[in-house]
Engineer: 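For reference, the structure I am asking about is given below.
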Amino acid sequence: MTRQKDRLDPVARLRDQIPEAGFPRGVKVASATSLVLLLMITAFTALHLSTAGPFSALGAKAADVVPDEVTESRRRATAALAQALATSATTAAGDLQVATGSGVFDNTDDDAVLDRLGETYPDWRGIVVFDPAAQKVLATHGEPVSVENLRGIAVPKLTVRPIARPGGTPLVLTALPLSGARAGRLLVVSTVLRGAAPELDKDIKEQLRLVTADGTLLHSHGTEAPKDDRTAHDLLARAGDAAAAGESGVFTGDPGADPAKPDRRVAPVVAFAPVASDGIEGSLGLAAVTLSRFPVEPVPARWPGLIPAAALLVIAIAGFVLLRRALVNPILRLRADALAVAAGVLDRPVRQSRIREVNRLTRAVERYRAKLGRRRPRGKLKPFLSAQLVIALVSLMLLGWSVAVAATLGRQHAAVSPSMLSEYGDRVAHTADTLRRSLSQGLGDLRAVARLSADKKPDQLHGMLDRLATSESRFRSVYLADAEGAELQRAGRDSLRDPGKLPDGAGLRQHNTSGRVPVVYAFARVPNSANVLVGEFDVPRMASVLESAGGRVRVVDEGKRTIADTEGYFAFSELTDPVLVKNITTARSGEDARETTATTLVAAERLADDGNAAALNWVVVAEQPIGSLGVADNTVRAGARVAALLTAVVALMSYAWHLLVVVLPLRRIAESAVPIAKGVGLGAVVYPQRQDEIGTIASCVEICRQALTDGKARLGEVRRPVGAATDETKLLRRVKDLPEKPSEAVKEPGAVRRPETRLPPRRPVRRHEPPKPPRRLVEQGRNPK
């Protein structure tokens, strides 16, 4: 409902006729939005940039925790252990797939077949031919096999099933359905699950548990958790369920007193990872669960972000006040004065401004008021500041804060404890051992195939070589070569080794020290033949074995040339980093090579001291960025970088927003308003291009232009121009009335004829609008509607 005061106030009536949209338009929105965003960044900086978390001030217990780097290391170590167990559990499965193509099953004598397989694969503990329909063992070789674990289980294809062994390492039953004359029967192989009894740290009371998918404890190794420790048992149960679902992670329990040292508080840490292999049926889905107890460390609750947050708060408030007083308030005063002049209130002078962009418009509107009211304009006020300079100054203050925070808190280095470096070195050593076993197992597979290939022609080995190349993903190419090294039969991809005579015996070799791809191969002599079986290793597959250590892991040869890398690299690129070179030299001498730099952890381990892998003379070197360890100081550094980046974005956004929405539109209006004040360009319509305070000023300038052209009667209301904004307005003179024709006039005797005055047709009067007086000048655009 319109108030009586608004109906009488011409300024309020005119203001109601000019629309102004809300957010995000308006000259006040940019500064207000920037202030809100900066206050949020201030809160983030004050709370998040701390060494004990944003809520550590609420209680002292929040700071007594197991460090994040410790829990992360346990997760990585458990995942690496699960991968090694999966590789060990599926070794016999790969061997059986290769043996099916060797022709060994062509013999109808089961005992002879088992004897041949036992001689070929000495690691197999026991082998049986089992008839599941009759529940009977038909033939056996080696140790007894617990085939009762397969009763009632359908074995449609190659199946692996781990089983418990009282008082010892778990066994793995690998069952293969036979075909041909033995259709319906199973070949069952029993092997030891290697890696189930690793070396554990007694200081942290470490325990390894292997749990099946249904929650059954298959094997336990290490320090048992006390029966009354409900926290540890609950964590173990949760970890087993999560790992059975295919998840990996770590759980940390509440700290408690250490029974051995009552003055020390320790917390249980349970890490878990699934033991699984693609393409294998059965209950291989084991869960590797490790339980450890680590002392909680009272992390000091330092708040390095308080001072930067206070500085940002001062800058945000100061910038907001500066923008309001130097830019927003002058524009609002100009809008109020322009509305008063356009509404016909000509007795109040227009308030001038010291801001250059606003001052040009205030002077122009003051001259409008003086011309329309026939008064002398008020004295000029010389500007001394630019609006663009003000917003640039505020943006530079924010950018300066961002640079200062990024250069101080954003670059600080975290301190790493010796135990963390030792744990990382142990992981690198375990990774090197995993790579060594993978290469040795590849050589063992070639030896087994070579024994199966005795007394066979080269064309009879195609099926066996093909299965070895496809089932064993460690090989990229497997082929049979003659005494001179020429290929006789090949499976897989094209070989990369240059033709030439191969060494005697069996072993592992690095073929080249330059080129596009490193060529690493295993070779084994075929019994009773001059032929040699060669398998070239897949280097990317070799690099994937190294990922469990964490960070960037590389394998270098004796010339410090890169053979494999977990990240992108050029083959045989020589390492030049002095820290890496020093640790490689130390590891090659047989000493512990572990070092902490300002930004990384470095560890190196020789691949093998003896055996076939020692001939390669390789060294595994790894570097882990400290920033990825989850240290409290790393959290502060990452948070500082985020705060600096966000503040820089807000600074640039504020500058662009004020420039595009406030400064440039003011300049465009001034370019039209100043010539009108000088009496130039009175025919150019001023179009309001924005629905905000600046658009209102443009509408007032247009009303004043119409009043200067047609008279003061045009003040007080908005008249929309017709046509496009680019059309030029023309002033047309009124056409005079013509006298009537003599034939149409009625003449009276003695009367003097006077021309009849014609009035223009009256336009309908709009409702709630007084009738307009006749105009002498008609305003018409080029494209009238």
Side-chain angles (χ1 to χ4, degrees), residues 29-58 62-63 65 67-69 72 297 299-327 388-417 420 596-601 624-659:
V29 175
S31 57
T33 304
S34 300
L35 177 63
V36 172
L37 293 176
L38 290 175
L39 291 179
M40 294 173 62
I41 298 175
T42 300
F44 171 82
T45 304
L47 297 177
H48 188 74
L49 269 64
S50 65
T51 58
F55 303 106
S56 61
L58 300 179
V65 296
D68 292 339
E69 60 270 20
E72 177 63 19
E297 299 181 6
V299 180
R302 294 185 291 108
W303 300 84
L306 292 180
I307 295 179
L312 181 59
L313 180 61
V314 172
I315 294 175
I317 296 177
F320 176 77
V321 173
L322 182 60
L323 289 173
R324 285 301 177 104
R325 298 193 61 179
L327 185 61
Q388 186 172 355
L389 180 61
V390 172
I391 61 177
L393 177 62
V394 175
S395 300
L396 286 177
M397 289 191 300
L398 295 175
L399 290 175
W401 184 91
S402 300
V403 172
V405 170
T408 54
L409 295 180
R411 297 186 62 184
Q412 68 176 3
H413 301 299
V416 179
S417 61
M420 189 188 310
T596 302
T597 65
T599 58
T600 57
L601 299 179
Q624 173 83 45
I626 297 178
S628 62
L629 296 177
V631 185
D633 291 337
N634 287 334
T635 304
V636 173
R637 180 176 61 181
R641 292 177 178 178
V642 172
L645 178 61
L646 292 177
T647 304
V649 171
V650 172
L652 297 177
M653 179 203 70
S654 177
Y655 178 81
W657 198 342
H658 282 94
L659 181 65

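Every value quoted in this text rests on a predicted model; they were computed, and no experiment measured them. Atom set for the values below is all heavy atoms of this structure, side chains included, hydrogens, waters and symmetry mates excluded.
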Engineer: List the atom of A643, the atom of I41, and the distance in Å for their closest heavy-atom pair.
Structural biologist: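 Looking at all heavy atoms of both residues, the shortest contact is O-CG2, 4.1 Å.
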Engineer: Does any non-hydrogen side-chain atom of W657 lie less than 4.5 Å from one of I391?
Structural biologist: no
Engineer: Out of curiosity, T600 OG1 to Q624 CD, how far, rounded to the nearest 0.5 Å?
Structural biologist: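 If I round to the nearest 0.5 Å, the distance is 9.5 Å.
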Engineer: Hey, are the side chains of V405 and T647 touching, using non-hydrogen atoms and a 4.5 Å cut-off?
Structural biologist: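 V405 does not reach T647 side chain to side chain.
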Engineer: Report yes if some heavy atom in the side chain of V390 is under 4.5 Å from a heavy atom in the side chain of H658; otherwise report no.
Structural biologist: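 V390 vs H658: side chains apart.
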Engineer: Would you name the heavy atoms of S395 and A651 that are closest together and state the gap between them?
Structural biologist: OG-O, 3.3 Å
Engineer: Determine whether L37 and M653 satisfy the following criterion, side-chain contact (heavy atoms from CB on, under 4.5 Å), listing intermediate values before the conclusion.
Structural biologist: CA-CA 11 Å; L37 293 176; M653 179 203 70; 3.8 Å; yes
Engineer: Please find the pair of heavy atoms, one from R324 and one from S31, that lie closest to each other, and give the distance.
Structural biologist: NE-OG, 3.0 Å
Engineer: Would you find a donor on one side and an acceptor on the other, under 3.5 Å apart, between the side chain of S402 and the backbone of A648?
Structural biologist: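 Answer holds: yes.
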Engineer: Any side-chain heavy atom of L49 within less than 4.5 Å of one from P308?
Structural biologist: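 With C-beta onward as the side chain, the pair stays apart.
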Engineer: Can you find a pair of side-chain heavy atoms, one from W401 and one from L38, that are under 4.5 Å apart?
Structural biologist: no
Engineer: Please tabulate, for the side chains in residues 310-323, all donor-acceptor contacts under 3.5 angstrom to protein atoms that are two or more places apart in sequence or on a different chain.
Structural biologist:
none

Engineer: How many angstroms lie between CG in L398 and CG in L652, if you round to the nearest 0.5 Å?
Structural biologist: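 Taking CG in L398 and CG in L652, the distance rounds to 9.5 Å.
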